Number of protein chains: 2
Amino acid sequence: MSQQSVTMADVAKAAGVSRTTVSFVLNGRMESSIPETTRERINQTARELGYRPNAAARTLASKRSSWFGLVTEIATSPFATDVIKGAQQAAWKDGNFLLIAPSDDDPGMDNLAVEKLLEQQVGGLIIATSWHRQITVPENAKSVPCVLVNCFDAGGQLPSIVPDEFGGGYAAAEILAKAGHTSIGHITLKTGIPAQIGRQAGMKQALRDHGIEFDDSRIVPGDGTADSGYHGTQTLLSQLDPPTAIFCGNDRIAMGAYDAIKERGLQVGKDISIVGFDDQEILAPHMRPKLTTIALPFEELGMAGVSLLNQMVEGSPIENRQITIGCPPRIRSSVAMHGRR
Amino acid sequence: MSQQSVTMADVAKAAGVSRTTVSFVLNGRMESSIPETTRERINQTARELGYRPNAAARTLASKRSSWFGLVTEIATSPFATDVIKGAQQAAWKDGNFLLIAPSDDDPGMDNLAVEKLLEQQVGGLIIATSWHRQITVPENAKSVPCVLVNCFDAGGQLPSIVPDEFGGGYAAAEILAKAGHTSIGHITLKTGIPAQIGRQAGMKQALRDHGIEFDDSRIVPGDGTADSGYHGTQTLLSQLDPPTAIFCGNDRIAMGAYDAIKERGLQVGKDISIVGFDDQEILAPHMRPKLTTIALPFEELGMAGVSLLNQMVEGSPIENRQITIGCPPRIRSSVAMHGRR
DNA sequence: ACGGTTTGCTAACACGATTCAGTAACGCGC
DNA sequence: GCGCGTTACTGAATCGTGTTAGCAAACCGT
C-alpha cells in the first residue's frame, strides 16, 4: 500500500527551490552555477524524503532511455544465456538495463520481438544467436543502432562480433603438435557451418606450420553429439594406423570419444590425447581426466556487443565493423606428451 | 537517421479525429461508442504511418509498467539462466518484459539492484537464487509485489516458489526400489542445505514405503562435485556388501560415479544402477549410458514466479504463500532391473 | 414539438521529468 | 548612480500518452 511517489516537485518544495534547480543538482549538471550549500541542502532533502527518480518520465522527457534490447534464441540453447550474462554485466556497469526478447527462427516473430523492443524506446539493439551463422536481420531493426553477436548478415552491413573459430582450431591443433603428436584425427561438427569451416581450417594451418602432414582420411564426419563422438572415435581407432590424438569439434563429441576410448581399455590423456572445443563449464572441467579444450567466449561476445553498442549510441565512429574475439585454450589433463620431437 | 516518431497526435490529424479517440481505438476501449467505420479508419492510418506506441509515455501516464524486475545471481551459476528462461517466456506471453539485475551476496549491492529496478517503475519483483536456500530480502523490495524463487525468507512473509526436493528424492529412490534394488547407496551434497535435507528425507521415506531397510552406513558424504562422486563411489564399492544401486545427490556426482564404476570394469546400468538429480541438459542425456535422473524444474520455477507475480499485481488474493513445484523423473538407461521382487 | 437518451466524439488536465530562455539581485569599475 | 557581468536561480514549454468530464447532434417516443 506504500503508494510512495516522492517527485522532484516534492523535493523542490521541501528544499525551498524550484524543480529546475533540483533537476540540475540531482543530475550533477555543473554548467549552471549553484553553490555548494544549496546542492547539499537539495541532496539532503532528497535523501530524507526517499526520492526515487522516475525512469519513465526521464526517458520521455530526455528522449533517451537507459536500456538496450537483446534478441536471442533463449529457448533453445544453453549458450544463449552466457551471452546474456556478459551483456547484462556490461550494461549494468553503465547503469543500463537489458530487455530480452525471444527469437525463434520465424521471421514474423522476430519482427514482432524487435517491434516490442522499439516500443520500449530501447537505445540500441543486439541480435545474438546460439550458434555462429549468417542471419537475415529483421527490417525494423535498422531504426536504432544495432550489433550482431555470434552471427553476421549477408552484406556485412551491420557491425558484428564473432568468435575466432580459425584461431581456436589453430590453438587446438597447436597444443597437440607441441605435445609431439604427428598423427591426429578430427571429428567434425556438421559440415558447412562457420564453426566447422573455421576450426578445421585453423587446425590444418597449425599442422602445416608445425610441419605435420595431414590427410583427410583422418577426418571423420560428426554432428556435434556425444554419440557421433563415440562412433567417430571407434572409426578412428579402427584405422590401420590409428591416430594418437583427436581434435573433437566440440566438448560433447569429446565426451563420446572418452567413452569409446575407455571401452577399448585405453586411457585418455595417456594412450590417446583429446582436445575439445567450447569449454562447457559444467562438462569439460568435470570429465575424467579433465578435458583440455578451447573456450568459446560467449560472455566476452556479449560484453563486446554492449560496449560496441554504447559507442554507437554515443555517436563515436566505428572503425571495425567485424570484430572477432579470441577463443582461449583451457589446458587441463586430456593431452599427453607423445614420443619425442 | 530515421528519427521517426509518429505520435498519436499525428495519427489523429491524419485520420481527422481527436487524439482521445485514437487512444480509445488503439487501446480497444469499448465503453466509448465509436463506430466500426471510424475504428477501421484509425487503425488503417496508424498502420500506414507506422505508428509505434511510446512505452515510456504510456508508463508515465498510466502509472503501470509492462515490466517486472528479476534479481538473480546471474554471474555464478548455469542454473540461474534457466530461471530467466522460464520467467522470460512467461512474461513475454503477456507482453511483459523482464529487467534483470545481478545479485551478489553483498546486501548493499542487492539493495542497489532493487533500487535501480524500482526506478524503472517495475510492477513487481522476483528474487531468485541459483541454489535452494534461505535469504534475507532487501528492505526496499517490499515497496512492490515480490516473490521469491528457489529461496525463502526467514519468516515466510513473502510468497515463495521452490522445488519439491522431498518428492524428488522420493521419486529417485522409488525408481530404484521398483527396479528391485534393496541395497542402495547414497552420495550426498553438502549437508545441511535444503536440497540435501529434502532429497535424503524423500529417499528414506520411499524406501520405508517399499519395505526396504536402509542404514546410514550406506550414506557417503559428498560435496556436489564429480570428484566427490568418484571417490564416494569407490568407498561404496569397497564395502563388504556393496550396494547394487546408487542415488547420487546430483548429476555431477553421477558423472564421477560413472568413472569409478567403469574403472572397476563394471557397467553402469547393468552391474550398478545410478540415479542422479538435476537433469542438467548438456550432461545427463549425453552420458553413456544416458543418465536416469530427477529434473530440477528451473524453467517452471521461473514461469510460476511470473504468473504468481501477475496475480499479485492484478490484486488477486494469494492463497498459497509457499508453492512447491514437482521434480519429474527422467527415465533413461542407467538403471537396471535387479534380481526378482 | 419537446424532453430524454444514445451516439460520436473532443477539451483539458495529469503524469514526472528535462531544458531553454530569461530574470532579479548583487558586485564592481568608473 | 549607471552600465555590465556574474551568480543563483525560476517559469514555462515539452515529451507522448491516459483519462475524466462533458458537449453537440441525432434519434426516439409521445
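Just so you know, these numbers come straight off a predicted model, no measurement behind them. Each chain gets a letter, A, B and so on, in the order the sequences are listed, and its residues count up from 1.
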Inset, instruction - Give a yes or no on this: more than 12 heavy atoms of other residues, nucleotides or ligands lie within 6.0 Å of atom CD of Gln44(B). - result: yes
Inset, instruction - Look at Lys63(B) and dG16(C) and indicate whether a side-chain polar atom (N or O) is within less than 4.0 Å of OP1 or OP2. - result: yes
Inset, instruction - Quick one: pull up OG in Ser5(A) and CG in Asp10(A) and give me the separation to the nearest 0.5 Å. - result: 7.5 Å
Legend entry - Atom-to-atom span, CD of Gln121(B) to C1' of dC15(C) - whole angstrom: 10 Å
Inset, instruction - Counting heavy atoms from C-beta on, name the nucleotide in dT19(C), dA17(C), dT17(D) closest to the side chain of Arg19(A). - result: dA17(C)
Legend entry - Whole angstrom value for the distance that separates P of dA14(C) from CZ of Arg64(B): 21 Å
Legend entry - Asp153(B) side chain vs Thr136(B) backbone, donor-acceptor pair below 3.5 Å: no
Inset, instruction - Please figure out whether Ser33(B) or Thr20(B) has its closest DNA chain C nucleotide nearer the 5' end. - result: Ser33(B)
Inset, instruction - Identify, between Thr21(B) and Ser62(B), the residue whose nearest nucleotide on DNA chain C lies closer to the 5' end. - result: Thr21(B)
Legend entry - Whole-Å gap separating P (dC9(C)) and CD (Glu36(B)): 12 Å
Inset, instruction - Check the distance between dG16(D)'s C1' and Gln120(A)'s CD and give it to me in whole angstrom. - result: 14 Å
Inset, instruction - Using atom CZ of Arg58(B) as one end and atom P of dG16(D) as the other, report the distance to the nearest whole Å. - result: 14 Å
Legend entry - Side chain Trp67(B), main chain Gln120(B), donor-acceptor under 3.5 Å: yes
Inset, instruction - Could you check which of dC9(D), dG16(D), dC9(C) has an atom nearest any side-chain atom of Leu60(A)? - result: dG16(D)
Legend entry - Spacing between Met30(A) atom CE and dA8(D) atom C1', to the nearest angstrom: 14 Å
Inset, instruction - Starting at atom CD of Glu119(A), determine the distance to atom P of dG16(D), rounded to an integer number of angstrom. - result: 15 Å
Inset, instruction - Would you indicate what Thr59(B) reaches in the nucleic acid, counting non-hydrogen atoms under 4.0 angstrom: base, sugar-phosphate, or nothing? - result: nothing
Inset, instruction - Consider the side chain of Thr38(B), meaning its heavy atoms from C-beta on, and name the nucleotide among dG18(D), dA17(C), dC9(C) that approaches it most closely. - result: dC9(C)
Inset, instruction - Quickly work out the Arg41(A) CZ to dA8(D) P distance and round it to whole Å. - result: 12 Å
Legend entry - Short side-chain N/O contact from Asn27(A) to OP1 or OP2 of dT18(C), under 4.0 Å: yes
Legend entry - Asn140(A) (side chain) donor-acceptor with Asn111(A) (main chain) under 3.5 angstrom: yes
Legend entry - Closest listed nucleotide, where the reference is the side chain of Ser23(A) and the choices are dT18(C), dC9(D), dG16(D): dT18(C)
Inset, instruction - Counting heavy atoms from C-beta on, name the nucleotide in dG16(D), dT10(C), dA17(C) closest to the side chain of Ala57(A). - result: dA17(C)
Inset, instruction - Between dT10(D), dT17(D), dG16(D), spot the one nearest the side chain of Phe24(A), thanks. - result: dT10(D)
Inset, instruction - Looking at every strand, decide which applies to Arg29(B) at a 4.0 Å heavy-atom threshold: base, sugar-phosphate, or nothing. - result: sugar-phosphate
